[in-house]
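All remarks here apply to the structure that follows.
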Amino acid sequence: MLEKTFSPKDIESRQYARSEAAGAFKPKGNGTPYCIMMPPPNVTGSLHIGHGLTMTIQDILVRYHRMLGDDVLWQPGTDHAGIATQMVVERELAKEGLTRQQLGREKFLERVWQWKEQSGGTILEQLRRLGASADWSRARFTMDDGLSAAVRKVFVDLYQQGLIYKDTRLVNWDTKFQTAISDLEVQAVDTQGAYYHIAYPLVNGGHITVATTRPETLFGDAAVAVHPEHPTLAQYIGQQVRLPLTDRTIPIIADSYADPEKGTGAVKITPAHDFNDFEVGKRHNLEQINILNRDGTLNDQVPAAYQGMDRLKARPLVVKALEQAGLLVKVEPVTHTVPMGDRSNSVIEPYLTEQWFVKADTLAAPALEAVRTGISRFVPENWQATYFHWLENIQPWCISRQLWWGHRIPAWYAPDGQCFVAENADAAHEQAFTRFGKHVDLQQDNDVLDTWFSSGLWPFSTLGWPEHTPALAQFYPNTVLVTGFDIIFFWVARMLMLGIHCMGGVPFKDIYIHALVRDEHGQKMSKSKGNVIDPLEVIDQYGADALRFTMAIMAAQGRDVKLSLARVEGYRNFATKLWNASRFAEMNGARLDPAYDPRLSTTALHVWLYDAIQQTAITVTAALDAYKFNEAAEALYHCLWNTFCDWYIEFAKVSLNGNDADAKAETQAMLGWALDQLTRLLHPFMPFITDELAQNMGFNNQPLTLATWPMLAALADQQASRDMAFVQELITQVRALKAEMNIAPGAMLVASIKQADTDAQRVLQQQEALLLRMARLSRIDQDAEAGGMAVVVVGCTLILQVGAVLDVAKEQARLDKETVAIIAEMQQLDSKLSNDNFVARAPAHVVEEYRNRKEELTLKQGKIRETLARLGSLAG
RNA sequence: GGGCGGUUAGCUCAGCGGUAGAGCGUCUCGUUUACACCGAGAGGGUCGGGAGUUCGAAUCUCUCACCGCCCACCA
């Protein structure tokens, strides 16, 4: 027996445990492979609403495909998330008044591992609460032994192929974390600043003015550049200027990088602190003068007064000194963008260091080709433009980080600095022995790899690569990747590049890109705004099924998900509705009869419901195949609530409460049949409640994800559906008329039928009981002469006998109004149908529809006219 | 500066060539034993402006306006 009230909390953990115990989430070992790699959440993170969306979508797909009979692997795991995790642990240390430097590398890493062990399971537990049916027995962590081995192997391979190399060049330097970061980790932030116009005195007298937003960098200037054809400044080319506040002189050089239209036309060149200037410097063999320490303070290349001072604090002092020297020409306030670290929120400096790089352009070419030729495809397609643009302009990928938490770079250095790249220390020593002819002490590179390097291998490293495992053979390439657009560059592109390179083929066929979850007004959720919706609180309050269904129905392609709790509440109500409908069925003796086939029924009601569910199943199946989760959810919502609950169940009460035992038995079988189908169709969206219902009502004794997906044959004959549509229309019209005339909905009226065509006569006779109950009529007389209010439909006119309540004038006015509406519509149709172009050029079925509609309206109009005539005689 | 997306009922959004839809909210009525986390009914939109293509445009093209996001840009 189902409980009277639906209580998600009670059933969720029970049903989840039941599925896991049944091994329902593991690949079944045969069938078409279907594999999704779960984007590994940060190991120390916790579930946020974005996970709610992405994991719901993935879970819908895998549950659906299990039901289709595929061999499904949803591979879960977690990411070590280099900077993010290190930050968290450093914050913990700070509470104890400690720094990682005080602790030392080894001790610090122990602390991080401790933290990982302690909090690493949290998010996986939370994913279970959402209902995620991943194969947890296969869970991986990016720093597992196997995955680390894969990382080292890829690094060594790419190094040997010349695709990983060490280089000294400008990188984005985070002065807070004191590490290099990649271009992607830099955010351009609009900032209020100023152009400082500074006069650089010419050695030969006079001066040349440059403009800069970073005056403190002048200590690193190596030249001033002007355009070789600059109308007024080109004459200075070759002269020397005195660099203000220093005793250096630097040359004025000609370079077309100097844009005559910008600034003063002359531009200071600071090769060690600006990406463009670096290139100019290389062209002109300029000295690269590094003026910064790793923490962003000025070093001994600047005048003593500024040494050790943070470059941003030094800026106003430099400006002041220039002013005092009479060299500050003007200060022009300006809003410009400043690069900021996405984690540190500190100003990023171009900084000259030696780092490891991946030659990304080489790897990008086949990754571009794979999407161009459709081997991998983006859904929705428009994201491929973003992908193309980035890969076509890709820069070398800086993969080394001056952090401690991560995969340590597998490179070892001899005392003389020679570098040996190998998968382990022994192999490095061997190389060194070969080189030097004797054993030498080697020191491993201190840096670790960018987190995204290891996640780039996720589609195959989790399957056991480089071993040739059965899982790898079965599940690579993965079927579909589901992720947000925010990591297309960070992750998707890298997986494609590395997957194609290492595996010789793309990592996944489809790439489904979903949107971001925002609050109900479209604002990004953030703690500071206080508009964060915690998925776990939502689950506590409304249940996981409600949250999942909300996510699914709001996940229209190409649009952000604006989540409001009102919507979640609405879909909680939907779950309750399903629960109560099932309770009704149970209380009325519904049962699943394997022998029962509604297609063979002689009762239009059941055939009609079969048809409705069959069409819903088709819609849902097609929508899921096309990743249109909202369409699938919408169709199910409508079918269950409107069709099944509002109409079928109400109709069913007639036979359930009636005296015809056979009719009652069939209705019980149909209720069982329908709920079995509906719970299966709903299962991918609402796994908990559907499993609970199916188990309790004896539809399935195994978890529904192992049940089969409804594949129903379409009905050739739609007569039953037409009959029921006719009955529904009559009922709706009677109800509306009662409401309009202020007659109590429950008032049992006598009706009489006029002007019925043969089809209508047949349906009225067959479905009389349904009509009486739902329209609240006490009796239907055939063709009785009685005055009353008319419900006019195409097939017949139904006169409601309201006796003395009838106000003839009012009724005439109502029917006149209806006639006006009909005439207006007919005029529209006529304008179409009388247009030769329309008749000639529109598709035949469209013209046919218009003609049919016109014919219907003509019939209706005729019936209204007759009704009015009869009313007239009554009045007269 | 380059690119992508958006502008449809009070709110949040579907629909994307064939007579404008949903949920929530609003209004009226309703305890007919599955469900008030409910039922019945109603109101509400010249689909951002303009032009074009078409027999026909919310839907395709162009254009303008406004709103997002991404990339590039620290003279």
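We name chains A, B, ... by the order of the sequence lines, and we start the count at 1 in each one.
One N or O donor and one acceptor, one from the side chain of T337(A) and one from the base of C73(B), sit under 3.5 Å apart. Checked by distance alone, Y196(A) brings no side-chain donor or acceptor within 3.5 Å of a matching partner on the base of A75(B). Side chain R853(A) to base U19(B): a donor-acceptor pair is found below 3.5 Å. No hydrogens or angles were tested; on distance alone, nothing pairs the side chain of R567(A) with the base of C24(B) as donor and acceptor under 3.5 Å.
Residue Q828(A) places its side chain closer to U19(B) than to any other of U19(B), A22(B), A40(B). Comparing C55(B), U19(B), C73(B) by their nearest atom to the side chain of N835(A) picks out C55(B). Distances from the side chain of R735(A) to the nucleotides G41(B), G18(B), C35(B) place G41(B) closest. Here the side chain of E631(A) is nearest to one of G39(B), C37(B), G15(B), namely G15(B). Taking every side-chain heavy atom of A739(A) into account, G41(B) is the closest of G41(B), U32(B), C73(B). The A581(A) side chain lies nearest to A34(B) when the options are C38(B), U12(B), A34(B). Taking the side chain of F584(A) as heavy atoms from C-beta on, and the options G39(B), A34(B), U19(B), the nearest nucleotide is A34(B). When the nucleotides U32(B), C55(B), G41(B) are ranked by their closest atom to the side chain of R773(A), U32(B) comes out on top. Among the nucleotides C55(B), A42(B), A40(B), the one closest to any side-chain atom of F838(A) is C55(B). For N580(A), taking side-chain heavy atoms from C-beta onward, the closest of the listed nucleotides C35(B), G18(B), G23(B) is C35(B).
For K653(A), a side-chain nitrogen or oxygen approaches OP1 or OP2 of A34(B) to under 4.0 Å. For C35(B), one of the phosphate oxygens OP1 or OP2 lies less than 4.0 angstrom from a side-chain nitrogen or oxygen of K4(A). Between K562(A) and the phosphate of C13(B), there is a side-chain N or O to OP1/OP2 separation shorter than 4.0 Å. Distances shown here put a side-chain N or O of K577(A) below 4.0 Å from the OP1 or OP2 atom of G39(B).
Separation of the P atoms belonging to A20(B) and A72(B) is 45 Å when rounded to the nearest angstrom. Between G3(B) and C64(B), the distance separating the two P atoms is 13 Å to the nearest Å. Taking the P atom of each, U26(B) and C69(B) are spaced 32 Å apart, rounded to whole Å. Between the P atoms of G41(B) and C62(B), the separation comes to 44 Å (whole Å). A distance of about 25 Å separates the C1' atoms of U7(B) and G43(B), rounded to the whole Å. Comparing the C1' positions of G56(B) and C4(B) gives an interatomic distance of 31 Å, to the nearest angstrom. Atom P of A58(B) sits at a distance of 7 Å from the matching atom of C47(B), rounded to the whole Å. U59(B) and U8(B) have their C1' atoms separated by 11 Å, given to the nearest Å.
Aromatic pair F574(A)/F685(A): ring centres not closer than 6.0 Å. When ring centroids are compared, F378(A) and W383(A) stay outside the 6.0 Å threshold. Ring to ring, Y542(A) and Y571(A) are not that close: their centroids are 6.0 angstrom or more apart.
When heavy atoms are screened at a 4.0 angstrom cut-off, A736(A) is found touching the sugar-phosphate backbone but no base atom. Using a 4.0 Å heavy-atom cutoff across all strands shown, A744(A) reaches no nucleic acid atom at all. Within 4.0 Å (heavy atoms only), V210(A) reaches no atom of the nucleic acid at all. Heavy atoms of S582(A) sit nowhere under 4.0 angstrom from any nucleic acid atom. Within 4.0 Å of N393(A), counting heavy atoms only, lies no atom of the nucleic acid at all. Contact annotation for W641(A): backbone-only contact, meaning every heavy-atom pair under 4.0 Å involves sugar-phosphate atoms and none involves a base. Using a 4.0 Å heavy-atom distance criterion, F574(A) is classed as making no nucleic acid contact. Residue A188(A) is classed as a base contact, given a heavy-atom separation below 4.0 Å to a base. Residue I348(A) is in base contact, counting any heavy-atom pair closer than 4.0 Å across all strands shown. When heavy atoms are screened at a 4.0 angstrom cut-off, P745(A) is found touching the sugar-phosphate backbone but no base atom. Nucleic acid contact for E825(A): base, since at least one base atom lies under 4.0 Å from a heavy atom of the residue. As judged by a 4.0 angstrom heavy-atom cut-off over every strand, E849(A) is placed among residues making no nucleic acid contact. T264(A) comes within contact range of no nucleotide atom at all, as no heavy-atom separation falls under 4.0 Å. When heavy atoms are screened at a 4.0 angstrom cut-off, Y257(A) is found touching base atoms of the nucleic acid.
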With Watson-Crick and G-U wobble geometry limited to distances under 3.5 Å, how should the secondary structure of RNA chain B be encoded in dot-bracket form, using | for bases paired to another strand and [ ] for crossing pairs?
(((((((..((((....[..)))).(((((.......))))).....(((((..]....))))))))))))....
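Scanning both residues, L327(A) and P244(A), for their nearest heavy atoms gives CD1-CB, 3.6 Å.
Electrostatic pairing of R214(A) and E349(A) counts as a salt bridge here, judged by a charged N lying under 4.0 Å from a carboxylate O. Contact check on E856(A) versus R853(A) returns a salt bridge, with a Lys/Arg side-chain nitrogen under 4.0 Å from an Asp/Glu carboxylate oxygen.
Here the side chain of N580(A) pairs a donor or acceptor atom with the backbone of T576(A) at under 3.5 angstrom. Side-chain N or O atoms of E586(A) include one that pairs as donor or acceptor with a backbone N or O of L2(A) at under 3.5 Å. At distances below 3.5 Å, not a single donor-acceptor pair connects side-chain atoms of K577(A) with backbone N or O atoms of C645(A).
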From CA spacing to verdict: side-chain hydrogen bond (donor to acceptor under 3.5 Å, both in side chains), E185(A), S182(A):
CA-CA 5 Å; E185(A) 291 161 274; S182(A) 76; 2.9 Å; yes
Starting from the C-alpha separation in whole Å, work towards a yes-or-no answer on side-chain contact (heavy atoms from CB on, under 4.5 Å) for S7(A) and I11(A).
CA-CA 7 Å; S7(A) 166; I11(A) 63 177; over 6 Å; no
Pair H227(A), L233(A) - check side-chain contact (heavy atoms from CB on, under 4.5 Å), show working.
CA-CA 8 Å; H227(A) 195 279; L233(A) 297 176; over 6 Å; no
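Partners of R851(A) under the side chain to side chain donor-acceptor pair (under 3.5 Å) rule, at least two apart in sequence or in another chain, do not exist in this structure.
Residue-to-nucleotide proximity on RNA chain B shows that, of K268(A) and R583(A), the 5′-proximal contact is made by R583(A). Mapping N837(A) and I731(A) onto RNA chain B by nearest heavy atom places I731(A) at the nucleotide closer to the 5' end.
Rounded to an integer number of Å, the gap from OH of Y571(A) to P of G23(B) is 8 Å. In this structure, E3(A) atom CD and A34(B) atom C1' are separated by 15 Å, rounded to whole Å.
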Check nucleotides 67-71 of chain B for protein N or O atoms closer than 3.5 Å to its own N or O atoms and list the pairs.
none

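Atom CG of L563(A) is separated from atom CE of M554(A) by 6.5 Å, given to the nearest 0.5 angstrom.
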